[in-house]
Structures are given as C-alpha cells and as structure tokens.
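Below is one structure, written out as structure tokens; the observations come after it.
What's counted below: heavy atoms across the whole structure, side chains too, no hydrogens, waters or symmetry copies.
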Amino acid sequence: DVDEIDGQPTLAPLVVGAMESFEFPTTGDDGRFRAGPFPDEAPHAVRVLCPGYANGSLGWDPGADGVEIVVELTRGGSVSGTVVEAATGEPVEVFDVSLQGRIEGTRGGPTTLNPWATDVLFENAEGRFVLPAVTPGPQTIEVLADGFLPEESEVFVDPLVGADVRIALRRGGRIVGRVVDPAGEPVGGAQVTTDALIRGSFERMESMRPSIEDALAIRGEGRRPTPPVGFLRYAAALGFIERGLTTTEADGTFELEEA
C-alpha cells in the first residue's frame, strides 16, 4: 500500500516500518559485539557509531584478520566560543554554528548524517556557544546570523582540553524596496532574492557533502559545479534554498539582508 502526505503518494511509512523492525548490533559493557552474516565478498566495511566519539571504521577480511577484530574510537573534544559584532564588540545573540566535524552528542538526536544537521542554532545573550563533542584535529567553524556576513574560523580541537574561539561578524548589505504591478498596485507574497545570494546558499549546501560521504564511505566523484543561476532561481522558488530570500508584505514592501 502507498500512503499519502498532503495528498501526495509516499512510501515513507514503509521505509520507517522496515527500519523500526531492524536492530543494529550494539556493544556490551565490555565493548564486545557480534554482527553478521556479511553479504558480498571481503573485505567488509565495519562502521561503528557511538555518541561522544568520532565514527570508527575498519575493512575486515575474515580470512586474513580472523573472526575477532578491534575497532578503535576516538573521543571528541569540546569547542566553545563567543560571537560578537565586529564593529561594536557587542554579542550577537542568535546565530547558527556549522561544523562538519560535529559528533553525535546523544542517542535519538538529529544525526550528523543529515546534511542539514551540521547547523546548530544558539540563542544566548552573551553570544556564547558550546559544541560538546567534535572530532579531534583541525576544524573549520562557520557562523551565520541574520543581517551579518558568514564568517569562518580555523580551530584545532584537542580531545583533552577542547578549543575556544572568538568570532567577529561583519554586517552585510541591505536592500529595501517595494514590488508593484503595472498599475502601481502593491504585490504581496512575492519572493525577492539576488543571484549572488542564492548561488552562495547553494555552494554552502554543497560544502556539507564531504562529511556525509565520509560517514557513509561513499566514493564521490569530486565537487559538482554550481548549476546555472536559472536553475537556482527555480530551486529557490520551490523552497529548496532558504537563505538569502525574503517575501514581500501585503503592501509590497521588502527588506533583504545579505546573510
């Protein structure tokens, strides 16, 4: 049977039901696990995921490695910081922090295998944020806030001491206007954007792909080129690209900030 969501056919309930009936092997208190049987030919890709640890993987060949293997997991380190406005030094109270090396913090939370789950929204009067578990080593943090330009910062995450960073955001440009029809009547609900903004939004979405491919052990063919701007406009109209867009009010007015 095929169910419907908002009048559209979907197989989602069947997929969810199949996943609910499948149990992934888990380790016991002693760290031991039992898994199998394994299809296809060796070597088999064994991947281990645990909240608070970087994902572990191992290529296992029963003939060469024996029936028992050891997979080593590295505990993540914390990353904290303060986000301020560059011109004034005042804290930015609402912002998104994006980090490809973020590790699952708890079971049942938004998975980092989801390309949109690399962003974490923070609301803090002092502009503070904390990511409790991040893959050790060099990492790139990106901060986005409405009305400000995106800003990146390079940090080195130590699993024992973590990392702390101060990120200053610069305000972006702003376009204020009004949309009317040929008779001069206001047009409400019109979508307003710029080619530069939707192109930047798409490129940022593309930058998330490597972490997903690494987690799933997918062999990519390199970065896809940015599609023609006409296609991006169409994608924005369908709602697939959200940043850098605004909608006119009932009186046709709009305010678009580069963020």
Side-chain angles (χ1 to χ4, degrees), residues 10-79 97-120 131-142 154-160 162-163 202-225 240:
T10 177
L11 295 176
L14 297 179
V15 176
V16 172
M19 293 301 294
E20 288 179 344
S21 63
F22 179 81
E23 293 186 6
F24 288 93
T26 58
T27 57
D29 294 338
D30 59 356
R32 303 178 71 85
F33 66 91
R34 182 184 296 272
F38 288 79
D40 302 325
E41 297 181 357
H44 305 291
V46 178
R47 286 183 280 279
V48 182
L49 297 86
C50 182
Y53 292 84
N55 296 340
S57 62
L58 182 71
W60 175 51
D61 185 339
D65 303 328
V67 297
E68 185 163 315
I69 59 176
V70 176
V71 182
E72 183 176 302
L73 298 184
T74 302
R75 186 178 291 277
S78 67
V79 173
V97 176
S98 176
L99 183 69
Q100 289 190 7
R102 187 172 64 84
I103 296 173
E104 314 288 353
T106 58
R107 284 186 172 88
T111 172
T112 54
L113 301 184
N114 181 334
W116 287 273
T118 53
D119 281 11
V120 182
L131 299 172
V134 175
T135 301
Q139 295 288 345
T140 300
I141 298 176
E142 183 180 28
E154 304 293 329
V155 299
F156 186 87
V157 181
D158 187 300
L160 298 179
F202 174 84
E203 291 174 349
R204 180 174 175 275
M205 290 169 60
E206 276 290 274
S207 71
M208 299 177 184
R209 281 206 308 141
S211 64
I212 304 166
E213 294 179 347
D214 290 345
L216 297 177
I218 298 174
R219 303 299 181 184
E221 298 181 357
R223 294 286 301 280
R224 293 189 292 265
F240 292 116

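For the pair Val70 and Leu58, the tightest heavy-atom approach, listed with the atom from each and the gap, is O-CD2, 3.9 Å. Heavy atoms only, all atoms of each residue included: Ala163 and Val155 are closest at CB-CB, 4.5 Å. For the pair Leu73 and Cys50, the tightest heavy-atom approach, listed with the atom from each and the gap, is CD1-CB, 4.1 Å.
Contact check for Ile141 versus Val97: side-chain heavy atoms found under the 4.5 Å cut-off. Looking at heavy atoms from C-beta onward, Val134 lies in side-chain contact with Gln139 at the 4.5 angstrom threshold.
With sequence neighbours left out, the side-chain contact (heavy atoms from CB on, under 4.5 Å) criterion links Pro136 to Thr74, Pro159. Applying the side-chain hydrogen bond (donor to acceptor under 3.5 Å, both in side chains) criterion to Glu41, with sequence neighbours excluded, gives no partner residue. Checked against side-chain contact (heavy atoms from CB on, under 4.5 Å), Arg32 has the following partners two or more places apart in sequence or in another chain: Asp30, Glu68. Taking the side-chain contact (heavy atoms from CB on, under 4.5 Å) definition, one finds that Ser78 meets it with nothing, sequence neighbours left out.
Separation of atoms CG (Leu49) and OG1 (Thr26) is listed at 12.5 Å; rounding is to 0.5 Å. Between atom CG of residue Leu99 and atom CG of residue Leu131 there is a gap of 6.0 Å, rounded to the nearest 0.5 Å.
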Taking only distance into account, with no hydrogens and no angle test, what donor-acceptor pairs under 3.5 Å do side-chain atoms of residues 59-66 form with protein atoms, sequence neighbours excluded?
| from | atom 1 | to | atom 2 | distance (Å) |
| --- | --- | --- | --- | --- |
| Trp60 | NE1 | Gly66 | O | 2.9 |
| Asp61 | OD1 | Gly63 | N | 3.1 |
| Asp65 | OD2 | Asp61 | N | 2.9 |

